[in-house]
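For reference, the structure is listed below as structure tokens.
For ligands, and for the atoms within them, numbers begin at 1 and follow the listed sequence.
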Amino acid sequence: MSSNPPHFQAIVRQRYSRRDMLQVLGAAGLAAGLGCTSKDKKVPSQPATVPAVKVDEGFVEVSHGADDHHHVPPGYQAAVLIGWGDSLTDGTATGDLAAMTPEEQSVRFGTNCDYTAFMPLPPKNGLQRGLLCVNHEFSDAGKMFRGVPAGRRTSKDVVTKLQVEGELAAHGHSIVELQQTPQGWQIVPGPYTRRISALKTLFEITGPAAGHARMKTPEDPEGKTIKSTVGNCSGGVTPWGTVLIAEENFNYYFGGDPAGLPQEQHLRRYNVNGRAGIGAWRFFDRFDVTKVANEPNRFGWMVEYKPTDPNYQPKKRTALGRFCHEGATLCLTKSGHAVAYMGDDSYFEYLYRFVSDKPAIDNPNVLDEGTLSVARFDANGTLSWLPLRFGEGPLTPQNGFESQADVVIETRRAADLLGATPMDRPEGIAIHPTSGRVYVSLTKNTRREASQTDAVHARAQDAHGQILEIIPSAHDAHDEESMGWDILIAAGDPSRHANTKYGKGLTREGWLANPDNLAFDPSGHLWISTDGALGSTGTSDGLWCCETLGDGRAVSKRFLRVPKGAECTGASFTPDGKTLFVSVQHPGAYKSASYDEPSSRWPDHKSDRPSRSAVLVITKENGGVIGT
Ligand code: FEO
Ligand code: CA
Ligand code: CA
Ligand code: CA
């Protein structure tokens, strides 16, 4: 890695906006000084000593429970900002959701919102403005259209082509402009307001797999462009002001039986087993693997786009690997190189890291060249990052790898061969703004047998999950080959579940289960959203806050409860920490339901409105900082 230019901080300050600087400072810890990032640094066998921070979450915890409403602590207010089918320019609802055409859906807020990112714009009349960037992860035809039976996501013969197009249009991403007013946040029209969708948006393929034979299809003989992004779960904000969108469960989009195909083993390694979750394969050849076996290779990537440039063509960055990407959490090393931590959210899959070859500054395509590595955790508290480099170790022609394109297209098999640690579904990742420690949610793994337990995954059939702590030797030493690791929280209800781990002082409401997305607020509190607690513990999902350092370390406190059946996702904050956005995804999904007979009426609670996923905007009634 190149040495650090002495004036790097000054260059960064000139180059990036204040918000970007906050991102840079927050993620890479530049504010805390220029620490060492050398790769030969000694790995701490124990967590390094770090200064304590004040424990100041001053809210009264929300109680456990389950109903069709959302709940915040006294003194807080939570309003529905925008939900499925609403206008992107003023937030108004559409009359009949089931009657939306694909064209209408292509310009309205999509369904099943997940990741959110608030990207500040220059204030107007002293009031904050910004873009809210939101993912739309999946569709459920039974809950979108009248007459489609519940639980018919496979849509074998019921859903029409027009409806499938509506489903694809409801996927992707929304960018809405927000303006703070004396009455609260309002959605306003703006030059950046737009949708990215699976139906219409054309993506460029970049990095090692671009143009490779395995990326070529009849619709794209060059292997360099693709229409569609799917499974857009979580994401990430880069220090240079772009947003990353993950492609997670892309296997659900492919029909056709792979049995007997030359690519069968490769397809099955990605669970492309001919069990499509939506009916696209019935109408579009490219989603049928018996017709276009290369098409799945064009999904499972991280997508980068620029919120403030509607003309920027979104790019699938193949150097970041191909798997069921939950999201990506980025920072810079001391020398300004970009680092992305990423989880493959499937049972027994892996945790990955990408380190760019070039510094991020002045390199808009910095995510196209670098080293992708996979994590191996050892019982002595060491995490080793194993590089996935063509030609090294087992990643050679003898094992079917002819180039780095093969390595990234078959990231999972490459990681298998390197001996990476199979994990319990790594999901959310967040980096502490000053300590630089990296926190990783492992949501659960009920399939892990006792014989498969290891130092990280000590509980067999773990239904409740845990949060790992990864410890670089310095706050910005994110390019080290080895790091330390610990377990911050082993989740579950301590009064009912075995081998939980929390800090001292946990209250009756403080325990959590099935951690998913993680975020640090500007003050350095960790916010933990959950997905699956209702099924595993009987309490609805929500959002918890805890410290990672000092006396309050690992003492989680419940801040939000979402409606029964919903998961809580995508927490993000304004830079002043006074506004919190969260997505409430799939309310009512605790039992089979349809558009006509929903299991939830959240958020409208009207007899003619179905349940809808929506974004909540949460503020303190006195205008103060959230959580304090
Ligand atoms: Fe879409 Fe891993 O959550
Ligand atoms: Ca989700
Ligand atoms: Ca998730
Ligand atoms: Ca999840």
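Of the possible donor and acceptor atoms, one in the side chain of W544 sits under 3.5 Å from a partner among the backbone N and O of G510. Not a single donor-acceptor pair under 3.5 Å links the side chain of H173 to the backbone N or O of C133.
In this structure, the side-chain hydrogen bond (donor to acceptor under 3.5 Å, both in side chains) partners of R496, at least two apart in sequence or on a different chain, are D493. Legend: residues meeting side-chain hydrogen bond (donor to acceptor under 3.5 Å, both in side chains) with K316, ordered by chain and number and at least two apart, are E247. Contacts of S599 classified as side-chain hydrogen bond (donor to acceptor under 3.5 Å, both in side chains), with partners at least two apart in sequence or in another chain: none.
Angle OD2 (D114) to the Ca ion (ligand 2) to OE1 (Q585): 90°, rounded to 10°.
Distances from the Ca ion (ligand 2) to the N/O/S atoms of E137 are shortest for OE1.
Protein N/O/S atoms closer to the Ca ion (ligand 4) than 3.0 Å number 4 in this structure.
By the 30° and 60° cut-offs, the orientation of the rings of Y270 relative to F250 is tilted.
Between F203 and W301, the ring center distance fails the sub-6.0 Å criterion.
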